[in-house]
Amino acid sequence: MQQQPTPSYAPDVQRPPWDGGEWYPTDGAVTTARQTIDVPPPPTLRGLNLSAGRARPSTPTPGRGRRPTAATPVRPPQVGRPAPELPPTHAALVCVALPGLAISGEGQLAGRGLDGFYRGGRRLLARCQVRVAGREPLAVQARMTSADSARFVGTLRVSPSAGPDPDVVVERTRRADGTERITLRNAAARPLRLPIEVSLGTDLAELAAIASGRAGPELPATVHDSGLRWAAAGAAASVIADPPPSDALASAGLLRWELELPPGGTAAVELRVRLDGAGPLRPAGHATTSPLAPARATGDDPRLTPLLDMAIADLQALLLRDAAHPADIHLAAGAPWRCGLAPAEALAAARMALPLGTRLAVGTLRTLARTQLPEGNPRAGLIPGPRRDAGPLLPPACTGTEATLLFPVLLAEARRWGLPEQETRELLPAAERCLTWLRTTAGAGPYLPDPQPGGPARCDTQAHAYRAALLGADLLDAFDRPGATELREWAQALRAAFRADFWVEDRGGGRPAAALAPDGRPVPHLGSGVVHLLDTGLLGSGRLAPGLLDPVQTEHLARLLGAPAMDAGWGLRGLGAKEVGHNPFGHRTGAVRVHDTALAVAGLVAAGYEKEASGLLRGLLDAAEHFGHRLPDMFAGEQRFSGSAPLPHPAACRPAATAAASAIMMLTALAGIRPDTPAGTVTLCPVRSAPLGELGLTGLRVAGAPFAVRVSRLGLAMVEEAADGLQLGV
């Protein structure tokens, strides 16, 4: 059958001028618009979420846009001028303990690019350059030591008769909380008296201004306490040194010491960067009690342990508290670009992290329930969120739609993993409002348009809506609430229509359409959004909800996801290599997206396609090794070949919440853990082919208690630790 032409949305979708990257349309969602000029802004500038705080719910005014707030001041170049290059992050060491960041290159903070210490999205210190005996140390190593700290080592030769061997080692430990410790070690056989100078400077710029090339010059310093201080309109920061320097020169931004080092001895200087008027940094991830269980992975594959360790550490580093409700903790989307709350990503990451406990899920749900549009609003029940660029073939998608549909799914599955009934009941009204919004917005039709009104019916949006309807109905029945029957009937109608309308026949057996245009024409390009069709959700007794595709269509989809056009050898491409508009570095048009790859692995495993799942899993694990087991949210979708390595994306977030949580989901999918805490059971459906050999997972949480499982090389699973009274399901 001849493939139908792809609809073009460019003339049909009216977009406002870019002004700060976001606007508020009539659907109540914060929207990132694409600029319609001859030289568009680079994809890296689309959809940035640079604020460190929680987004406030918005009440839209029909037919009018609201100018963006100062939290997102990224602006495009004038028409006809080249877009500014976003400072690259692929080679940076990013220490994270939100709201604190420290971004570094080889060691010296030179004040270029993103270098510096940050708090709440503002750069407190941009330059920190060390000179010993008038010279800069030779950098020999720079590496992360944990999610929130990095270690830099340099060497010097200061003795005239030292020969080729260095006799002074300079070690710097830099932490996201705003501290840097500089330690000098004397490796010579005689005592040394060394002058040390630290040159400091800052612009107190917001991260968004730095991203768009508008950071401004360094500010003049003043001597303050035992260090230096800088001030600008609305902000001031200082650096305090311990021990106090012997000299402090404000005009040069310089601190000096004379350090005495005996043979083999050490001396240290500690710098503390502080924001005036703010107390010491207390990251949510450093709390005494963490919302994330300290799970461990062991097994035949040595990559399992560092992968899970780094994933949990990154999630801890990205935790944020709701400022108005400190008990409620949620995840930021990623660093350095998205250090604030992104509703869809926060919900998706909390869902994948359910094996580590339900506290993160409940904090995320409570936080987002407070952002729902209220009764009386035309879009009541919607959780606002920014629009997301979808590439050249579709208009931007509304992440508010995705978040609204994920809310009842996370609540329903958190209950299965052990969320107490009382907490579930308290959040149920917000979930009901999400489900009411779904049925009201879909109306009499089988499909949910995105964006509303008049947008296309996207494949992934229908998968989200269908899953929300089925799991939402299950949740309503559990608490004797009305509406479950109507939701199931709508889901059944959606499934019947979807199987007929969304399947595009071709010589290879067919494929799901990416979307249906408003006139019903399919948009047939193959992208990673189709993986959501395999993510059906967890019901009771260890059962997964039925899928939108029939068995034959599911088999064809599995083959497509495992083929080279989609599988780059390192993970799943966002757009197939044979599709028009494919770009290996494109956010949604060819880059490997870790979250989508993990969803594909888990979905293929659940559907019984272990070969395709294993190929994607091994590729992503291989990629993780090249990234020091700290996966970015995306990287280039270049085809793998012998001796190659995955290409970093220069504007990726690393760490990223969904990428870190993806590791948890993939490993628990291999063990096939499907709990039903209300029924007191847990079902194990391990991958029989055991693609990674023996696998052991300890320290998980099911029903609020520690849970451990081991899968043998034969693909047999055994529970090693569980809550009292929890029975093994069949």
Side-chain angles (χ1 to χ4, degrees), residues 1-10 12 390-395 397 442 445-450 455-467 490-536 545-568 572-582 588-590 596-597 599-600 603-604 606-613 615-616 637:
M1 180 177 178
Q2 186 174 1
Q3 194 176 73
Q4 298 190 40
T6 300
S8 173
Y9 285 89
D12 303 323
L393 301 176
L394 289 169
Y447 301 128
L448 182 67
D450 180 26
R458 300 174 191 269
C459 172
D460 52 340
T461 300
Q462 310 321 306
H464 289 311
Y466 176 75
R467 183 181 60 220
W490 179 81
Q492 186 175 2
L494 171 60
R495 183 171 63 222
F498 188 94
R499 290 178 178 180
D501 297 342
F502 268 81
W503 194 257
V504 180
E505 295 292 346
D506 58 25
R507 293 179 180 178
R511 63 172 66 183
L516 295 183
D519 62 4
R521 290 179 297 159
V523 182
H525 69 266
L526 181 63
S528 62
V530 296
V531 302
H532 294 281
L533 295 171
L534 301 173
D535 178 18
T536 58
L548 274 175
L549 299 179
D550 64 33
V552 174
Q553 292 170 336
T554 301
E555 181 180 2
H556 280 300
L557 177 57
R559 302 290 180 255
L560 289 169
L561 296 178
M566 287 299 291
D567 182 0
L572 198 68
R573 293 185 174 95
L575 182 67
K578 297 179 180 179
E579 304 298 321
V580 175
H582 171 79
R588 303 282 165 180
T589 55
D596 289 351
T597 304
L599 284 173
L604 289 167
Y609 296 96
E610 296 185 2
K611 177 182 176 183
E612 291 78 7
L616 290 169

### Message
Going by the rule ring-ring contact (aromatic ring centres under 6.0 Å, His included), which residues pair with Y609 if we only count those two or more places apart in sequence or in a different chain?
### Response
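Checked Y609 against ring-ring contact (aromatic ring centres under 6.0 Å, His included); zero matches.
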### Message
Tell me every residue that passes ring-ring contact (aromatic ring centres under 6.0 Å, His included) with Y466, counting only those two or more places apart in sequence or in another chain.
### Response
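Counting only residues at least two positions away or on another chain, Y466 forms no ring-ring contact (aromatic ring centres under 6.0 Å, His included).
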Within-4.5 Å side-chain heavy-atom neighbours: [X] and [Y]:
X: P449; Y: P456; value: no
X: F502; Y: C459; value: yes
X: P512; Y: L557; value: yes
X: P546; Y: T536; value: no

Roughly how far, to the nearest 0.5 Å, is [atom2] of [Y] from [atom1] of [X]?
X: L494; Y: R499; atom1: CG; atom2: CZ; answer: 10.5 Å
X: R521; Y: L516; atom1: CZ; atom2: CG; answer: 11.0 Å
X: L549; Y: W503; atom1: CG; atom2: CH2; answer: 6.0 Å

### Query
Among D567, T597, V530, which residue meets the side chain to side chain contact (heavy atoms under 4.5 Å, CB included) test with L561?
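Answer to the side chain to side chain contact (heavy atoms under 4.5 Å, CB included) test with L561 among D567, T597, V530: V530.
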### Task
Have a look at L604 and tell me which of L616, L599, T554 forms a side chain to side chain contact (heavy atoms under 4.5 Å, CB included) with it.
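Of the listed options, the one satisfying the test is L616.
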#### Entry: side-chain contact (heavy atoms from CB on, under 4.5 Å) assessment of L526 paired with M566
CA-CA 8 Å; L526 181 63; M566 287 299 291; 3.7 Å; yes
### Task
Check side-chain hydrogen bond (donor to acceptor under 3.5 Å, both in side chains) between D501 and all other residues, then give those that pass, not counting sequence neighbours.
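Result, side-chain hydrogen bond (donor to acceptor under 3.5 Å, both in side chains) vs D501: Y447.
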### Task
In plain terms, say whether R588 and E579 are close enough for a salt bridge, that is, a side-chain N and a carboxylate O under 4.0 Å apart.
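Salt bridge flag = no for E579 with R588.
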### Message
Any side-chain to backbone donor/acceptor pair from R573 onto G590? Under 3.5 Å, distance only.
### Response
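No: the side chain of R573 does not pair with the backbone of G590.
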### Query
Checking R495 side chain against G547 main chain: does a donor-acceptor pair fall under 3.5 Å?
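Answer holds: no.
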### Message
Holding to side chain to side chain contact (heavy atoms under 4.5 Å, CB included), I want the full list of residues that pass it with E610, two or more places apart in sequence or in another chain.
### Response
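Checked E610 against side chain to side chain contact (heavy atoms under 4.5 Å, CB included); matches are V687, R688, S689.
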#### Entry: Residues which pass side chain to side chain contact (heavy atoms under 4.5 Å, CB included) with D460, listed by chain and number, not counting sequence neighbours
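Here the qualifying residues are R458, H532.
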Closest non-hydrogen atom pair, [X] against [Y]:
X: L394; Y: V523; answer: CD2-CG2, 4.1 Å
X: T589; Y: G391; answer: CG2-CA, 3.8 Å
X: A390; Y: P395; answer: CB-O, 3.5 Å

### Query
Could you walk me through whether D506 and R511 pass the side-chain contact (heavy atoms from CB on, under 4.5 Å) check?
CA-CA 8 Å; D506 58 25; R511 63 172 66 183; 3.5 Å; yes
### Pairs involving residues 525-536, ordered by first then second residue, that meet salt bridge (Lys or Arg N to Asp or Glu O under 4.0 Å) (sequence neighbours left out)
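Of all non-adjacent pairs touching residues 525-536, those that pass salt bridge (Lys or Arg N to Asp or Glu O under 4.0 Å) are R351-D535, R467-D535.
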### Message
One pair to check against side-chain contact (heavy atoms from CB on, under 4.5 Å): L575 and S528. What are the steps and the verdict?
### Response
CA-CA 6 Å; L575 182 67; S528 62; over 6 Å; no
